[in-house]
There are 4 protein chains.
Amino acid sequence: MNIHSPSLFTKLPVMSDKKKRILQATEKLLAEYGFHGISMQMVAKEAGVATGTIYRYFEDKDDLLHQLHDHILSYVAHKISQNISDDMPLQQRFRTMWLNIWNMATEDDAPLINRGQFENLPRRKCHEQRLLEKKMFAQVDQLFEEGKACGLFKELDNEILSVLSLETSACLARKHINGVYKVSDADLESAIQASWDAILQH
Amino acid sequence: MNIHSPSLFTKLPVMSDKKKRILQATEKLLAEYGFHGISMQMVAKEAGVATGTIYRYFEDKDDLLHQLHDHILSYVAHKISQNISDDMPLQQRFRTMWLNIWNMATEDDAPLINRGQFENLPRRKCHEQRLLEKKMFAQVDQLFEEGKACGLFKELDNEILSVLSLETSACLARKHINGVYKVSDADLESAIQASWDAILQH
Amino acid sequence: MNIHSPSLFTKLPVMSDKKKRILQATEKLLAEYGFHGISMQMVAKEAGVATGTIYRYFEDKDDLLHQLHDHILSYVAHKISQNISDDMPLQQRFRTMWLNIWNMATEDDAPLINRGQFENLPRRKCHEQRLLEKKMFAQVDQLFEEGKACGLFKELDNEILSVLSLETSACLARKHINGVYKVSDADLESAIQASWDAILQH
Amino acid sequence: MNIHSPSLFTKLPVMSDKKKRILQATEKLLAEYGFHGISMQMVAKEAGVATGTIYRYFEDKDDLLHQLHDHILSYVAHKISQNISDDMPLQQRFRTMWLNIWNMATEDDAPLINRGQFENLPRRKCHEQRLLEKKMFAQVDQLFEEGKACGLFKELDNEILSVLSLETSACLARKHINGVYKVSDADLESAIQASWDAILQH
DNA sequence: AATGAATGAGCGTTCATTCAT
DNA sequence: AATGAATGAACGCTCATTCAT
């Protein structure tokens with residue numbers, strides 16, 4: 001199998017230009033002003049459309065935020081799977097994913113996730129949503145399945161393995177960004193190793 | 001040293017009845033409707049006081065949320081340190097703390113923490129705040145320090161050790177409560193062991 | 001030079017219908033309830049628009065009152081200069097202005113000035129504002145300058161001459177309207193003569 | 001007859017200490033923060049009494065302001081009549097009154113009048129109020145009556161004479177204080193003379 | 001399809017007034 | 001008589017949503 005391609009984004013070209021601009025504007029404003037600080041008027045202005053136009057593409061504000069959540073989620077899934085191929089050794093794949101998460105949360109081009117605003121976005125609770133997420137993070141699932149199959153990983157559900165190892169990356173990045181605690185490069189390596197230790201069969 | 005006593009709450013009896021009711025109402029509503037869904041009028045109604053009364057005890061909405069944050073934080077610190085004494089073996093202390101977090105997040109009397117709304121409460125960024133938090137989680141720090149001193153734990157900052165091991169408990173509990181993934185008793189034991197593995201010197 | 005034309009009002013036709021209605025409503029309510037008795041809701045209701053609509057045309061309540069002040073000021077300047085031409089004898093010009101003020105304050109279509117609420121409207125203190133006022137009352141200034149030039153009037157600053165002679169008209173009108181004292185036609189003639197005496201070189 | 005004595009204030013000693021403190025506090029705050037900026041709570045705090053206490057002495061806020069109006073009015077009447085005795089020549093009496101008004105409005109000890117806040121105080125419109133005012137300004141009336149009796153002044157009602165001559169002092173002082181126009185000492189003398197000219201039989 | 005003026009319910013907050021103590 | 005905590009209506013203002021164009 002090859003390096004993961006952004007197939008999740010194939011729906012994007014179908015998306016009208018205006019709709020994309022609205023979503024991007026929302027993301028930018030959310031990162032800049034936080035959840036409280038944005039209004040539909042602001043989004044419209046930033047996107048360069050009329051207020052009413054937003055309602056052609058989104059049912060209401062909640063829907064806009066829902067769709068932004070999905071939009072970002074697919075971006076995240078894409079980013080996590082970057083530079084991963086099936087023939088890489090398990091630990092290297094793990095390390096790459098861990099750093100993908102760290103970099104994404106730490107870099108400037110994903111300002112929303114940095115600020116912890118993403119978690120606050122209203123999520124649809126429905127079943128399809130869960131299935132979608134499952135599909136998006138197929139690469140992660142595959143990693144865990146393979147690790148368990150060869151007796152390397154603990155025999156736990158992927159959800160739990162994910163919390164034990166990868167969630168740590170996001171959690172640490174959040175603290176790093178918030179300024180709560182500055183993580184050095186050496187810290188980073190140790191944290192990756194420790195996350196690996198957590199899921200390893202000892 | 002003895003079992004941790006709820007000394008952090010000695011200020012609570014001094015707190016006026018009304019103020020406590022307002023804080024509790026806010027917590028409940030926050031859990032129910034989330035950060036963006038509550039208004040001062042709702043809080044007042046839920047607390048059974050007049051709108052203006054809130055402003056007798058809190059400067060403004062931000063102050064109310066700040067104080068709620070502090071209030072919950074001290075509750076959390078208290079809960080985490082429950083049933084911990086210095087002469088318990090390290091692993092037992094760790095296990096107890098891990099479960100303290102799990103139970104707290106899982107039980108009904110701490111509805112806010114369950115929903116992950118707590119993290120998003122506005123925090124005061126000042127230095128004193130950080131010191132206070134440090135003091136509150138003294139038991140956690142002591143555990144990590146002792147573990148490192150006897151060569152049992154990895155030589156990492158307590159903040160990182162905390163993310164690697166205890167944060168896992170909260171994260172898992174959140175998913176459990178949200179219905180994202182149901183954690184069985186066996187899962188729980190495995191997760192505790194895995195969290196322990198994460199910080200252990202291998 | 002010809003009779004003063006209402007050139008100051010050329011901007012009015014440009015003004016949106018809603019904005020004009022809001023200003024008129026504000027003026028009416030100000031006259032009826034005074035400065036402290038009006039709310040934005042009342043203005044909206046009186047103007048027949050929604051509350052939010054006011055904020056489309058005015059930044060905030062202060063801005064509304066400022067603009068009303070300017071609006072009325074230009075109306076006053078216009079009214080004062082009515083039926084004045086440069087070739088009229090000085091005393092006739094004075095008499096006309098004096099009566100212009102009296103009539104304006106006494107008639108029904110300028111309810112605000114009647115009640116002395118106008119003076120208390122918040123004013124912008126900036127320099128441009130002062131220049132604007134100067135320009136608006138050019139006719140008044142010209143009268144005083146000519147009077148001084150030909151040795152008829154006392155050698156005093158126009159501001160003082162204005163207080164001594166024309167302010168009297170406004171002051172008397174205010175008392176007349178307030179019912180404090182009813183001014184007869186004979187009184188009026190005497191008052192005009194006395195105002196004239198005040199600035200005359202004796 | 002002797003120098004005017006503060007007979008109008010004989011009711012003051014009867015006034016309770018608390019009531020006086022409340023009135024003084026109100027005056028001070030009115031001068032400092034203007035009409036908009038004071039609340040009953042502020043008045044109570046400034047006066048050093050409980051909020052509820054105000055309502056023992058004043059029916060409501062309107063009543064407090066009414067009574068303050070009366071209080072200040074009697075102060076003004078007292079000030080105007082200062083240093084006036086019946087045997088002084090008319091013009092000297094006039095000049096003294098004119099300057100009494102000017103000084104009062106210009107000095108620091110009557111901060112309220114300076115700011116034009118006094119005029120805005122709600123006034124009772126009733127007949128008794130008018131009689132009271134009449135009585136308070138007896139000295140002014142007497143001046144005008146004597147002037148008319150000896151053929152010196154124009155045969156006009158005292159109200160009109162007052163507007164023509166003394167009101168000028170207040171009006172000028174207002175502009176002086178507001179910074180609209182700075183009045184020099186020479187201006188002052190000229191203005192007094194002009195005010196005198198206004199009411200004089202020519 | 002797109003606009004943006006208009007809407008009005010609802011926000012956070014204030015404050016004149018009351019009343020149990 | 002005096003207190004001050006409590007009240008809740010009303011404030012200035014915002015903003016998600018609608019609809020005539």
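All values derive from a computational prediction rather than experimental measurement. Each chain gets a letter, A, B and so on, in the order the sequences are listed, and its residues count up from 1. These values consider heavy atoms only, across backbone and side chains, with no hydrogens, waters or symmetry-generated copies.
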Q: Indicate whether OP1 or OP2 belonging to F/dA5 is found under 4.0 Å from a side-chain N or O atom of B/Arg56.
A: yes
Q. For C/Lys18 and E/dA5, is the shortest distance between a side-chain N/O and OP1 or OP2 below 4.0 Å?
A. no
Q.
Given E/dG8, E/dA5, F/dA6, identify the nucleotide with an atom nearest to the side chain of C/Tyr57.
A. E/dA5
Nearest-0.5 Å distance, [atom1] of residue [X] to [atom2] of residue [Y]:
| X | Y | atom1 | atom2 | answer |
| --- | --- | --- | --- | --- |
| B/Leu65 | B/Thr26 | CG | OG1 | 7.5 Å |
| B/Ser16 | B/Arg21 | OG | CZ | 8.5 Å |
| C/Gln24 | C/Leu29 | CD | CG | 12.0 Å |
| B/His69 | B/Asp62 | NE2 | CG | 12.5 Å |
| C/Ile38 | C/Glu32 | CD1 | CD | 11.0 Å |
| D/Ile72 | D/Leu30 | CD1 | CG | 7.0 Å |

Q.
Just checking B/Phe35 against A/His36, ring centres under 6.0 Å apart?
A. yes
Taking only N/O atoms, report every protein-nucleotides 14-17 of chain F pair under 3.5 Å with atom names and distance.
{"unit_1": "F/dA16", "atom_1": "OP1", "unit_2": "A/Lys61", "atom_2": "NZ", "d": "2.7"}
{"unit_1": "F/dA16", "atom_1": "OP2", "unit_2": "A/Met40", "atom_2": "N", "d": "2.4"}
{"unit_1": "F/dA16", "atom_1": "N7", "unit_2": "A/Gln41", "atom_2": "OE1", "d": "3.4"}
{"unit_1": "F/dA16", "atom_1": "N7", "unit_2": "A/Gln41", "atom_2": "NE2", "d": "3.4"}
{"unit_1": "F/dA16", "atom_1": "N6", "unit_2": "A/Gln41", "atom_2": "NE2", "d": "3.1"}
{"unit_1": "F/dT17", "atom_1": "OP2", "unit_2": "A/Tyr55", "atom_2": "OH", "d": "3.2"}
{"unit_1": "F/dT17", "atom_1": "OP2", "unit_2": "A/Lys61", "atom_2": "N", "d": "2.9"}

[X] [atom1] - [N] [atom2] separation (whole Å):
| X | N | atom1 | atom2 | value |
| --- | --- | --- | --- | --- |
| B/Asp63 | E/dG12 | CG | P | 15 Å |
| C/Arg21 | E/dT7 | CZ | C1' | 13 Å |
| B/Tyr33 | E/dC11 | OH | C1' | 17 Å |
| A/Ile54 | F/dC19 | CD1 | P | 17 Å |
| D/Lys45 | F/dT3 | NZ | P | 15 Å |
| C/Phe58 | F/dG12 | CZ | C1' | 15 Å |

(Q) Quick check: on DNA chain E, is the nucleotide nearest C/Val49 upstream (toward 5') of the one nearest A/Gly48, or the reverse? Name the residue that is more 5'. (A) A/Gly48
Q: Starting at the 5' end of DNA chain E, write a dot or bracket for each base, bracketing those in Watson-Crick or G-U wobble pairs whose two distances are under 3.5 Å and using | for partners on another strand.
A: .||||||||||||||||||||
Q: With A/Lys20 as the cation and A/Tyr57 as the aromatic partner, state whether NZ or CZ is under 6.0 Å from the six-membered ring centre and within 45° of the axis.
A: no
Pairs of donor and acceptor atoms involving the side chains of residues 46-55 of chain C, under 3.5 Å and at least two apart or interchain, shall be tabulated with distances.
{"unit_1": "C/Glu46", "atom_1": "OE2", "unit_2": "C/Lys28", "atom_2": "NZ", "d": "3.0"}
{"unit_1": "C/Thr53", "atom_1": "OG1", "unit_2": "C/Ala50", "atom_2": "O", "d": "3.4"}

